[in-house]
Student: 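One structure, pasted below without further comment.
In this chain, numbering begins with 1 at the start of the sequence shown.
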Amino acid sequence: QVQFMESGGGLVQAGGSLRLSCVVSGSGLRIVALGWYRQAPGNQRELVATLNSGGGINYADSVEGRFTISRGSDKNTVYLEMNNLKPEDTAVYLCNTRAYIGYSWDDYWGQGTQVTVSS
């Protein structure tokens with residue numbers, strides 16, 4: 001019922017930039033928070049950046065200063081601007097939302113978009 005449209009991934013050389021976007025939709029969906037996580041084979045899924053309902057932002061130490069998360073004016077779109085990309089950033093990047101459907105909330109996940117950074 002919750003739909004994700006993720007885009008912006010691709011192949012880039014080290015030092016380059018990419019901008020990821022995610023549009024979340026669903027019947028009766030009320031978004032509380034949006035964020036990006038990443039996962040690569042052999043690695044744990046890790047938080048990259050999140051925006052909460054109070055406007056608070058969290059970044060992973062490994063990306064702070066290089067990545068910027070922002071929310072679209074329509075409130076259901078989240079962006080991740082990634083600068084000075086490193087090979088260690090290579091992963092599937094997953095869009096996440098914490099949202100209400102009716103009276104309860106849950107976490108919902110997109111399919112992910114691949115980011116590959118070459119040396």
Student: Any chance you could measure L80, atom CG, to L18, atom CG, to the nearest 0.5 Å?
Tutor: 9.5 Å
Student: Quick one: does any side-chain atom of T97 pair with a main-chain N or O of A33 as donor and acceptor, under 3.5 Å?
Tutor: yes
Student: Would a 4.5 Å heavy-atom cut-off, applied to side chains only, mark I31 and R71 as touching?
Tutor: yes
Student: With a 3.5 Å distance limit and no angle check, can you tell me whether R66 reaches the backbone of N84 through a side-chain donor-acceptor pair?
Tutor: yes
Student: Do L51 and N58 touch side chain to side chain, with heavy atoms closer than 4.5 Å?
Tutor: no
Student: State yes or no: do I57 and V63 share one hydrophobic cluster built from I, L, V, M, F, W and Y residues joined by side-chain heavy-atom distances below 4.5 Å, directly or via other members?
Tutor: yes
Student: According to a hydrophobic-cluster definition based on side-chain heavy atoms being under 4.5 Å apart (Ile, Leu, Val, Met, Phe, Trp, Tyr only), do V24 and I101 belong together?
Tutor: yes
Student: Determine whether L29 and Y100 satisfy the following criterion, side-chain contact (heavy atoms from CB on, under 4.5 Å), listing intermediate values before the conclusion.
Tutor: CA-CA 6 Å; L29 194 69; Y100 281 86; over 6 Å; no
Student: Any side-chain heavy-atom pair from T77 and C22 closer than 4.5 angstrom?
Tutor: no
Student: Using a 4.5 Å cut-off on heavy atoms from C-beta on, say whether the side chain of Y93 contacts that of M82.
Tutor: yes
Student: Where do A91 and Q114 come nearest, in terms of heavy atoms and distance?
Tutor: O-NE2, 3.4 Å
Student: Within the 4.5 Å heavy-atom criterion, are E46 and R38 side-chain neighbours or not?
Tutor: yes
Student: What ring-ring contact (aromatic ring centres under 6.0 Å, His included) pairs are there with at least one residue in residues 31-87, not counting sequence neighbours?
Tutor: Y37-W109
Student: For the residue pair T116 / T90, report whether a side-chain donor-acceptor contact shorter than 3.5 Å exists.
Tutor: no
Student: List the steps, then state whether side-chain contact (heavy atoms from CB on, under 4.5 Å) holds for R45 with L94.
Tutor: CA-CA 9 Å; R45 188 188 70 188; L94 300 159; 4.3 Å; yes
Student: Got N96 and L34 here, is their nearest side-chain heavy-atom distance under 4.5 Å?
Tutor: no
Student: What are the two closest heavy atoms between Q111 and E6, and how far apart are they?
Tutor: N-OE1, 3.0 Å
Student: So which atom in A60 and which in L47 form the shortest heavy-atom distance, rounded to 0.1 Å?
Tutor: CB-O, 3.3 Å
Student: How long is the gap from OG on S21 to CE on M5, to the nearest 0.5 Å?
Tutor: 6.5 Å
Student: Going through the distances and angles, do R98 and Y108 end up as a side-chain contact (heavy atoms from CB on, under 4.5 Å)?
Tutor: CA-CA 6 Å; R98 182 163 292 176; Y108 302 92; over 6 Å; no
Student: E81 and N83: which non-hydrogen atoms are nearest, and at how many Å?
Tutor: OE2-OD1, 3.3 Å
Student: Do the non-hydrogen side-chain atoms of I69 and V78 ever get within less than 4.5 Å of each other?
Tutor: yes
Student: Can you measure from OG (S118) to NZ (K86) and round to the nearest 0.5 angstrom?
Tutor: 15.5 Å
